[in-house]
Chemist: 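Below is one structure. I have some questions about it.
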Number of protein chains: 2
Amino acid sequence: MELRKPKLEDVAKLAGVSRTTVSRVLNNRGYIGDKTREKVYQAMETLDYHPNEIARSLFINKTNIIGLIFPTTNNPFYAQMIYHLENNFEALGYKVLLCNSGGRVDKERAYLDMLQRHQVDGIVAGAHNRGIEIYEKTKLPIVSIDRYLAPHVPVVSSDNYAGGILATSLLLDKGCQHIIHINGPIDLETPANLRRKAYEDIMKKNGLPYLTYEISETTIRDLFDQNPHVEGIFASDDLIATQVLTEARKRGYRVPEDLKVIGYDGADMTCILRPELTTIQQPIDAMAELSVQLLIDQIEQRTDQITLHNSLSVKLIEGQTT
Amino acid sequence: MELRKPKLEDVAKLAGVSRTTVSRVLNNRGYIGDKTREKVYQAMETLDYHPNEIARSLFINKTNIIGLIFPTTNNPFYAQMIYHLENNFEALGYKVLLCNSGGRVDKERAYLDMLQRHQVDGIVAGAHNRGIEIYEKTKLPIVSIDRYLAPHVPVVSSDNYAGGILATSLLLDKGCQHIIHINGPIDLETPANLRRKAYEDIMKKNGLPYLTYEISETTIRDLFDQNPHVEGIFASDDLIATQVLTEARKRGYRVPEDLKVIGYDGADMTCILRPELTTIQQPIDAMAELSVQLLIDQIEQRTDQITLHNSLSVKLIEGQTT
DNA sequence: TCCTATTTTGGAAACGATTCCATTTTAATA
DNA sequence: TATTAAAATGGAATCGTTTCCAAAATAGGA
């Protein structure tokens, strides 16, 4: 009863030709007689034949699959990045295998291993764990988003330092003196570290005290408890900035009169859900596009075209929180 | 110079055993002598051998890959759904191929075809296009999120009708008489239609006029232009609700005094970014988990365990917009 | 009509794993 | 020690394609 999926050989048999001929029709390669081609198409139609891409991949030694490793899709920045990566790859005939590392080193390692076994043609790595040595030794085409992986792996990022300067300067220009920065977890090798450096550099340059909190469950409450007179907060991403806003309103601060807040990322969803938030917007779409380009260049051996460090510029989006 | 990836045969040769033996070590199957196993592990180590999953898949006729078809990852609801789907599948040893249909029928068709060619073990379909006949004829295990696909395809959804009742009732209870509903695009076969039906039913039952707008570029402005005295708005998702809030504030409405707004979905990101929004929360995590369960049941032929219609209950999250 | 170049086709060997079956080696029991 | 069962190993076929090579058919020109 359980009838097998039709294979190329079944098509060949029904059309009365050889496997070779069917393969030629399928791939439009070499010489093919018109009536033969027609017969083959007919046979495919009647059998509802779908070529087995796995068998094909095995032979041609290419899968047209790209691995995407990110901490999570459940975050406006990554969600948008992944969306555009998928779109761009799809347009070029590549499929994407999605891996959520969840910020865990062991998961990232396991995924990396899995992707290699699955013979992916390349990887876009956007997770931020430290100390994964596989990146060093693999010969696989890789592009990294916002993290140094190995000497030969190109990195795509936005200009985090400039973004940090932009954000801090804005708060200073608006008259803030007492400015605090909130950073993501520092054990992750995130680009946020550059944003922080910019903040600290410019505060130093202006002779002002600087203070950086590392985000945790209680960070935001602690910050307000310990610094009731804070005038400006630069959060290293929009989610943190939003939580700051929420807490500030709960405590009766008027924003932007008493307190100014600026975030970072400026993903589409954030801009819709929090249009009033001032933020530094990363060019997510352009970053995705460039990453795809760089990966394809590696896959197709155009290694000469590849610049190792690619930094795209950010943009200030002024809302009503500054 | 360009040295080939080591294959099973290379390992066998180096270890001085047969391919069969190496395969046995690899899969922990059958009898294996201890010293032999050790030799094989050694050889794998020195060669940095990674088994070729493609070749394996071809033989065992299983890929352990699941196709995910959704309109986009760049939306809090889908982003969270995809995140949990991926996590649950990963825990069971499955990988996911991500497909963004972008709401286009032709893309969904193309993806479906691609997934079949790639021999995926199953599909979770969360896109909402009409008239895709492939779902009717394919023998592939499928689970649909929130859409009827074919008689034999199980559907996972939340109780949209109850959600619509809940939302509309709340507005009524809070004293609204003039309540308007905003729906997504009606040419998509979305569950929003049930939410709308609930809204219209209950308004009728209360002898009140009802009015549904279909979302477009200008819908929200039109709505306010044409109904300046609107007291309550029930939006079919949180993004629309947020845009309503933004426009309302721009026009000077006080929320919730002059106007009450309720959304739908209640995704984690939305709750962080818009904590004040009242919404109907779908049990996204549970929906994902159940979908995975239903798909695996099909893949492993436990067809008796499968209920065709699975509706999970929703929850009212009261914020400050009502 | 014959010869050569082009077009059209098919046979068989890959691709890198797994598994069936058979064979050899080792261990256990009488 | 002989006998038998269990443990350990290997050979060859297979999964569904593609491609190399050779052969057959057709067409074109002298």
Side-chain angles (χ1 to χ4, degrees), chain A residues 2-41 43-44 47-65 113-121, chain B residues 2-41 43-44 47-65 113-121:
Chain A
E2 189 56 59
L3 54 160
R4 221 180 1 71
K5 278 183 212 158
K7 48 181 172 176
L8 191 132
E9 188 170 3
D10 302 322
V11 176
K13 208 162 287 174
L14 181 58
V17 298
S18 73
R19 305 213 297 285
T20 310
T21 303
V22 177
S23 175
R24 283 206 190 86
V25 171
L26 215 48
N27 301 49
N28 251 321
R29 208 189 305 292
Y31 296 115
I32 282 289
D34 288 346
K35 52 276 150 53
T36 310
R37 169 175 281 127
E38 202 43 50
K39 272 190 305 181
V40 172
Y41 278 138
M44 287 179 177
L47 292 176
D48 189 30
Y49 170 72
H50 294 262
N52 184 329
E53 198 73 25
I54 295 294
R56 179 162 205 275
S57 292
L58 177 59
F59 189 88
I60 66 179
N61 202 27
K62 180 155 199 271
T63 54
N64 290 310
I65 295 184
D113 198 55
M114 182 274 280
L115 292 174
Q116 286 196 257
R117 287 199 313 268
H118 257 279
Q119 314 294 116
V120 295
D121 293 342
Chain B
E2 189 57 57
L3 53 161
R4 218 179 8 68
K5 278 183 211 157
K7 48 180 172 176
L8 190 132
E9 188 172 2
D10 302 324
V11 176
K13 209 162 286 172
L14 182 58
V17 298
S18 73
R19 305 215 294 287
T20 310
T21 302
V22 178
S23 175
R24 283 206 190 86
V25 172
L26 213 48
N27 302 49
N28 249 321
R29 209 191 304 292
Y31 297 117
I32 282 288
D34 287 346
K35 52 275 151 54
T36 310
R37 170 175 282 124
E38 203 41 53
K39 271 191 305 182
V40 172
Y41 278 138
M44 287 180 177
L47 291 176
D48 190 29
Y49 169 72
H50 295 262
N52 183 328
E53 200 71 26
I54 295 293
R56 180 161 204 276
S57 293
L58 177 60
F59 188 86
I60 66 176
N61 202 27
K62 181 155 197 276
T63 53
N64 290 310
I65 296 184
D113 198 56
M114 181 274 278
L115 292 174
Q116 288 196 257
R117 287 199 312 270
H118 257 278
Q119 314 295 113
V120 295
D121 292 341

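Proteins come first, then strands; the chains are lettered A, B, ... in the order of their sequence lines, and each starts at number 1.
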Chemist: Could you check Val17(A) against Ile54(B) and say which one's nearest nucleotide on DNA chain C is further toward the 5' end?
Modeler: Val17(A)

Chemist: To the nearest Å, how far apart are Arg19(B) CZ and dG11(D) P?
Modeler: 9 Å

Chemist: If you take all heavy atoms of Gln119(A) and Glu53(B), which pair is closest and at what distance?
Modeler: OE1-N, 4.5 Å

Chemist: Which is it for Arg117(B) and Leu115(B) under the side-chain contact (heavy atoms from CB on, under 4.5 Å) test, yes or no, and what are the steps along the way?
Modeler: CA-CA 5 Å; Arg117(B) 287 199 312 270; Leu115(B) 292 174; over 6 Å; no

Chemist: Provide, to the nearest angstrom, the distance between the CD atom belonging to Glu9(B) and the C1' atom belonging to dC15(C).
Modeler: 12 Å

Chemist: Which residue, Ala55(B) or Asp34(B), contacts DNA chain D at a nucleotide closer to its 5' end, judged by nearest heavy atom?
Modeler: Asp34(B)

Chemist: Is it the case that the side chain of Thr63(A) and the backbone of Ser57(A) share a donor-acceptor pair, with hydrogens and angles ignored and the cut-off at 3.5 Å?
Modeler: no

Chemist: Starting at atom CG of Leu8(B), determine the distance to atom C1' of dA12(D), rounded to an integer number of angstrom.
Modeler: 15 Å

Chemist: Nearest to the side chain of Thr36(B), which nucleotide is it out of dT18(C), dA17(C), dA8(D)?
Modeler: dA8(D)

Chemist: How long is the straight-line distance from CG of Asn52(A) back to CG of Leu58(B), given to the nearest 0.5 Å?
Modeler: 6.5 Å

Chemist: Which pairs, protein N/O on one side and nucleotides 3-7 of chain C N/O on the other, fall under 3.5 Å?
Modeler:
from: dT7(C); atom 1: OP2; to: Tyr31(A); atom 2: OH; distance (Å): 2.3

Chemist: Less than 3.5 Å apart, which donor and acceptor atoms pair up between the side chains of residues 13-20 of chain B and the rest of the protein, not counting sequence neighbours?
Modeler:
from: Ser18(B); atom 1: OG; to: Thr20(B); atom 2: N; distance (Å): 3.4
from: Ser18(B); atom 1: OG; to: Thr21(B); atom 2: N; distance (Å): 3.2
from: Ser18(B); atom 1: OG; to: Thr21(B); atom 2: OG1; distance (Å): 3.2

Chemist: Going by heavy atoms closer than 4.0 Å, what residues in residues 20-30 of chain B are next to DNA chain D?
Modeler: Thr20(B), Thr21(B), Arg24(B)

Chemist: Does the side chain of Ile65(A) reach to within under 4.5 Å of the side chain of His118(A), using non-hydrogen atoms?
Modeler: no

Chemist: How bent is the helix from dT1(C)-dA30(D) to dA30(C)-dT1(D), measuring the angle between the end axes built from five pairs each, rounded to 10°?
Modeler: 40°

Chemist: Could you pull out the closest heavy-atom pair between Val22(A) and Met44(A), with the gap in Å?
Modeler: CG1-CE, 3.9 Å

Chemist: Select one nucleotide: of dA14(C), dT14(D), dT9(C), the one nearest the side-chain heavy atoms of Phe59(B).
Modeler: dT14(D)

Chemist: What is the distance from CD of Glu53(A) to C1' of dC15(D), rounded to the nearest Å?
Modeler: 16 Å

Chemist: When all nucleic acid strands are considered with a 4.0 Å heavy-atom cut-off, which category describes Asn52(B): base, sugar-phosphate, or nothing?
Modeler: sugar-phosphate

Chemist: Find the distance Arg56(B):CZ to dT19(C):P and express it as a whole number of Å.
Modeler: 7 Å

Chemist: So, taking the atom named NZ in Lys5(A) and the one named CD in Gln116(B), what distance separates them when rounded to the nearest 0.5 Å?
Modeler: 8.0 Å

Chemist: What's the shortest heavy-atom distance between Leu8(B) and Tyr49(B), and which atoms?
Modeler: N-CE1, 3.5 Å

Chemist: Quick one: Asn64(A) CG to dT18(D) P, roughly how many Å, whole number?
Modeler: 13 Å

Chemist: Rounded to whole angstrom units, what separation is found between the NE2 atom of His50(B) and the C1' atom of dA17(C)?
Modeler: 16 Å

Chemist: Please tabulate, one pair per line, all N/O donor-acceptor pairs under 3.5 Å involving side-chain atoms of residues 23-36 of chain A, not counting sequence neighbours.
Modeler:
from: Asn28(A); atom 1: OD1; to: Arg37(A); atom 2: NH2; distance (Å): 3.4

Chemist: Less than 4.0 angstrom between a side-chain N/O of Tyr49(A) and OP1 or OP2 of dG16(D), yes or no?
Modeler: no

Chemist: Does Asp10(A) have any salt bridge (Lys or Arg N to Asp or Glu O under 4.0 Å) partners at least two apart in sequence or in another chain, and if so, which?
Modeler: Arg4(A)

Chemist: Let me know the distance between CD1 of Ile60(B) and P of dA17(C), rounded to the nearest Å.
Modeler: 13 Å

